[in-house]
Amino acid sequence: MSQPSAPGTSGGDTVSARELFGTKWGFVLAAVGSAVGLGNMWRFSYIAAEGGGAAFLLLYIVMVLLIGIPLMLCELTVGRKTHLSPIGALRQLGGKAWVPLGFLFVVTGFLILSYYSVIAGWTMRYAVEGITTGFPAAPGEYFGQISEGASAVWWHLGFMVLTMAIVMVGVQKGIERAALILMPTLFLIIVGLAVWAGTLEGAAEGYAFYLVPEWGELMDGTVLRQAAAQAFFSLSLGMGAMLTFASYLSRDTDLNQEAVTISFADFGVAFLAGLVVFPVVFALGLQGDVSESTVGALFISLPGAFAEMQGGRVVGTIFFVALAVGAITSAISLLEVVTSSIIDELGMVRRNAAISAGVVIAIIGVLSALSIDVLGLADQIAGDLFLVIGALGMSVFVGWFMKDPAAELARGAGTTFSRFIPAVMFLIRFVLPPVIAVVLWFAGRDAWNAIWEFFGVALGG
Ligand code: TRP
């Protein structure tokens, strides 16, 4: 691929020599591919279960609409305006003072992918075993065996190799083409599964849990920060992933429309996943498993369901294949942030950048593959705390420091969406920073407690 121009020289109205998406759909699909992944099922389902089902769901919807979409617009504007990866983009528009935020993005990308890949490894393993040996009859025990240790390491490494291979090939050939085929397939499979889950006896109880709110839960700071962080995680916000993808956009795209499309598609898949997971959990009386093992909930309850049910082997295999597909398109975006930063900052060629970043991430991830407690902690620190810090930085930057972001938002916008730009700017300046700051308070508190707890346990205290 062609080399991008040096940081700081490619702004203005000219599109630099940077490789661009071939089609408008390429971008939307790649962005949807980034957003839709393990977060929509593995993370969404256990956090929704913890947060009281419907109460969480409502808060989550508010977060996506009020915070998620404006924040996505922040990232898209900065990326498209500069055609640079996060560090260079922030340097160009904000000066040196904003470079650390870009570094935080890269570190967050490293960390998230390191454990994300472990979970993706479990997913691939279930997909393969669904076909070859069938699902385990004692899923809790089985998950305990495969989730940590040598075999988890191998599946994790396998997944990393796959991800690296796609990112090495580059935006158009690798990412765009993969997403173009895989995303619609995934969507269809989940719709099919949701319909199937509705036919299960006992599904009604699952729907009730998922869709009838208990208002008391909403007052809890932990539920609030989980809803916000889950919105960031699921929409791939707070670490420059959307920024990076938008840096491959030509300047005549309607960012507002794309942000809405991406967010609704992502929410739709998470919502549908809930319509699969909760009926299955309740139909099989697996509520206990889900609330006990948080991180492993999906990987215990669903294989258990698939093992017991008629035709479960086929349905289950399809489900895990779909999930693995979603995981790959998301992992691509995580690695792409790191890779494009290395290309832009250090001047490496894409192949070497992707390999060196991938190898380091794979090595860090071994820790999460060896201990599920490490994985949980890494998720809480990078997936909750760091994303929230990144989101706060991004909203303050675009709202208060970037020159005329409204003009950039308006570029290429159709009449429908340009009417909302003043409202969006209001949200970015006056609503996002204070709300995310409150979320950060709770995220910081909970992460602090989790770290103490982790080392307390590790030291045998
Ligand atoms: N959004 C993805 C998911 O739901 C994960 C992901 C990809 C991500 N890129 C990201 C999360 C960037 C945070 C930031 O599985």
Side-chain angles (χ1 to χ4, degrees), residues 29-48 60 63-64 67-68 71-72 74-76 79 85-86 101-102 104-123 159 163 166-167 175 178-179 182-183 186-187 190 226 228-246 262-263 265-274 295 298 322-341 357 361 378-391 393-394 443:
L29 282 169
V32 171
S34 163
V36 174
L38 295 167
N40 299 61
M41 286 170 245
W42 157 70
R43 212 169 186 280
F44 179 82
S45 59
Y46 87 76
I47 289 178
Y60 182 69
M63 284 295 169
V64 169
I67 311 285
L71 192 64
M72 184 171 300
C74 291
E75 290 205 15
L76 295 184
S85 52
L101 182 61
L104 175 70
F105 288 165
V106 175
V107 170
T108 309
F110 261 95
L111 283 176
I112 292 184
L113 184 53
S114 75
Y115 67 83
Y116 197 86
S117 163
V118 175
I119 303 158
W122 303 338
T123 310
F159 182 82
T163 307
I166 298 180
V167 172
I175 302 177
L182 298 180
M183 292 325 296
L186 175 62
F187 189 74
I190 295 173
Q226 284 186 321
Q230 174 60 18
F232 300 156
F233 189 97
S234 192
L235 293 170
S236 300
L237 298 174
M239 60 142 290
M242 289 297 166
L243 189 163
T244 305
F245 272 179
I262 297 162
S263 304
D266 183 69
F267 174 76
V269 174
F271 182 74
L272 281 170
V295 171
L298 182 85
L323 194 56
V325 165
I328 287 183
T329 53
S330 299
I332 289 169
S333 79
L334 286 161
L335 186 57
E336 177 62 23
V337 172
V338 179
T339 302
S340 69
S341 302
I361 292 169
D379 183 41
Q380 183 153 13
I381 291 174
D384 276 2
L385 185 60
F386 284 8
L387 287 185
V388 173
I389 298 174
M394 202 63 209

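Note that ligands are numbered from 1 as they come in the structure, with each ligand's atoms numbered from 1 the same way. When a residue number appears, it is its place in the shown sequence, counting from 1.
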Ligand 1: which protein N/O atoms lie under 3.5 Å from its N/O atoms?
residue	atom	partner	partner atom	Å
ligand 1	1 (N)	S34	O	3.1
ligand 1	1 (N)	A35	O	3.0
ligand 1	1 (N)	F233	O	2.7
ligand 1	1 (N)	S234	O	3.1
ligand 1	1 (N)	S236	OG	3.0
ligand 1	4 (O)	A35	O	2.9
ligand 1	4 (O)	G39	N	3.3
ligand 1	4 (O)	N40	OD1	3.4
ligand 1	9 (N)	S236	OG	3.2
ligand 1	9 (N)	S333	OG	3.0
ligand 1	15 (O)	L38	N	3.1
ligand 1	15 (O)	G39	N	2.8
ligand 1	15 (O)	Y116	OH	2.5

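Put simply, the side chain of I119 does not reach to within 4.5 Å of the side chain of R43, judged on heavy atoms. Side-chain contact between V337 and M239: present, with at least one pair of heavy atoms (C-beta onward) separated by less than 4.5 Å.
Among residues two or more places apart in sequence or in another chain, the side-chain contact (heavy atoms from CB on, under 4.5 Å) test is passed with L104 by L101, T108, F386, I389.
Panel note: side chain S117, backbone S114; no donor-acceptor pair is recorded below 3.5 Å. Here the side chain of Y116 pairs a donor or acceptor atom with the backbone of L38 at under 3.5 angstrom. Put simply, the side chain of S234 never gets that close to the backbone of Q230: no donor and acceptor are under 3.5 Å apart.
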